[in-house]
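Owing to the predicted nature of the structure, the values given are computational and were not obtained by experimental measurement. When a ligand or atom number is given, it counts from 1 through the structure's own listing order. Computed over heavy atoms, backbone and side chain alike; hydrogens, waters and symmetry mates excluded.
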Amino acid sequence: MAFQDFGMLSERRKAERKEKHKRRITIAAAIGFVLFILLASGVMLINKSKENKNSQDQNDKKSDSGNEIAKWSKAIKMICAPTDYRQACESSLSKMNKNTSSNAHSPKPLELLKASITVIADEVEKAVHNSSKFKFSNPAEKDAFEDCKVLLADAKEELLESISSVGKGTDVTNLVSKSHDLNNWLSAVISYQQTCIDGFPDGKLKTGMKKSLDKAKKLTSNALAIVSEVTSLLSALQIPGFDRRRRLLGQRETMRPMTQSYVGDDDDEDGLPIWMSHEDRRMLKGKGPSNKPKPNVVVAKDGSGKFKTISEALAAMPKKYTGRYVIYVKEGIFDETVTVTKEMVNLTMYGDGSRKTIVTGNKNFVDGVRTFQTASFVALGEGFIAKAMGFRNTAGPEKHQAVAIRVQGDRSIFLNCRMEGYQDTLYAQTHRQFYRSCVISGTIDFIFGDASAIFQNCLILIRKPLDNQQNIITAQGRTDKRETTGYVLQNCRIQPDTDLEPVKAKFKNYLGRPWKEYSRTVVMESTISDLIHPDGWLPWSGDFALKTLSYAEYNNKGPGANLKARVKWPGYKVITKKQAQEFTVEPFLQTDWIKNSGTPVKLGFFT
Ligand SMILES: *[C@@H]1O[C@H](CO)[C@@H](O)[C@H](O)[C@H]1NC(C)=O
Ligand SMILES: *[C@@H]1O[C@H](CO)[C@@H](O)[C@H](O)[C@H]1NC(C)=O
Ligand SMILES: *[C@@H]1O[C@H](CO)[C@@H](O)[C@H](O)[C@H]1NC(C)=O
């Protein structure tokens, strides 16, 4: 499958070598699954028994229901077998068993899968209910609770979306086509739960919230396991139209032709930045109105647009709108907290250049704002696209956590943007995100969160921290090994910003550190300057997560890419091209949404 850990990947490779053996296993699994589908959904049996039922007497019905229960518990055992919390899985689903066993049908795998998601929603609801009884001993706890309410509401909403998407149709191929979305939603649900817990200051309530959400998290992990198991078995069965990824592997990767381009020119006086790729450069050279989509509204500080602030323009956005809604933000520094809400779907916002149209702020942790709420710009709506804009948090390193932009919405794209901050600049929080030709600068953990994000052709600038600090580019926060999240830096340049350059020898700089247990980050085809420490990666605390994390490098160059002295953690690997393939755009993010946006994207490798 597309998202397995390196350990599992190499296991698979081993298995592939013993091809005969594997084939036998696959066939056995396939036969088992076919039997499972046939038995569990009882296609033939049911129809037959339904016909018979009408004419049967009470006694027959009783023995039927005994059979049904046996069938149910067998099906539940099978569907729960691949999960990590099997007991939680079986007990939660067997509740459903009791309630539905009197119905005149046997469990279908899709129903069980749906049920496995429904029980999460129930559990989240319970946790919300439980936490509403919390007694807060300080404002920080109250605030954290407010964040939790929002986060868990998002979690519930996405669970319901998942259920309804599984529910549309009873054939298994529908599930297969939805598996990426399901993985993505369920991973986000885990992330919301974790973010909720993280928001509390250490203490009784944090422990309480953690306990309340424990079961929900386990059940979410289970649901991910079930989705992945069912789809990989279907893949083994080679159901037509399913294994899209494998077909793509056979194709030659080519640059997608640009259908449209609407990127503003950056304001570098000596033309385009030297790090920019040939394709992007060519695209950006095209100027004039045809390169920008016609905006629905224009925001301009000088009054030449309909609105003077971005927030006003967003507030005026129609509740229902078909197609893409476009806001053009003219040159200027916008000192406002901007939130693209969940309701604002398919919005494109573009500026006059990432150094001309800038959203700025300076909220920060030291001044008493929770990291989660410090962002100058928050992108929650699905399908958000930003182009040629800058996002800043100017609080400075002494103010610690201070987010410039937080991105939560699925299918978010940032093209030719600039994220500037110090600690925690870019909170790539959840869902699928694609960053192309962006400049991202900061000091500590300045790309962090639990999204599935690819940073392609980006310039990563490390800035001067406080004297006692060291710099870390990424702190990816995957908390469960079933989550399909991770960060990929591909064809990026990693180098010091101008303030760090003259003093860079004084500071240690790292590619990443594990914020959470299953932190996953891949740096590939990138140019790494000598400022990166030979270790490459930094522990979070003691040996926390060093076995469970997945960090990898592939085909990097530059003096900082020397692998000789890299960390020797079990979770760190130098990977092969074949392994790295899993982290290219198509398998990792699924690309229709990127291609349709007209954004330049390299689907495979650069070299
Ligand atoms: C099962 O049914 C009972 C009574 O109808 C209900 O209270 C309970 O919530 C149901 N359980 C599940 C898991 O749906
Ligand atoms: C809710 O709280 C009760 C008691 O306070 C506890 O027994 C129960 O396990 C909690 N439920 C959840 C889902 O946390
Ligand atoms: C947003 O755009 C996507 C892709 O074009 C489309 O499938 C979806 O229905 C749109 N959503 C809304 C609410 O318009």
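From the protein, the heavy atom lying nearest to atom 12 (C) of ligand 3 is Asn346 ND2, 3.4 Å.
Protein heavy atoms are absent from the space less than 4.0 angstrom from atom 9 (O) of ligand 3. Shown here, atom 4 (C) of ligand 3 is out of close reach of the protein: none of its heavy atoms lies under 4.0 Å off.
Cysteines Cys458 and Cys492 are not disulfide-linked, with SG atoms at least 2.5 angstrom from each other.
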Gln456/Arg436 under side chain to side chain donor-acceptor pair (under 3.5 Å): CA gap, chis, key distance, verdict: CA-CA 5 Å; Gln456 196 170 75; Arg436 172 85 179 201; 2.7 Å; yes
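At a cut-off of 3.5 Å, with distance as the only test, a side-chain donor of Tyr435 or Gln433 sits close to an acceptor on the other residue.
Look at Val345 and you'll find a heavy atom under 4.0 Å from some atom of ligand 3.
For residues 303-323, the set of pairs meeting the ring pair (Phe, Tyr, Trp, His ring centres under 6.0 Å) definition, not counting sequence neighbours, comprises Tyr321-Tyr325.
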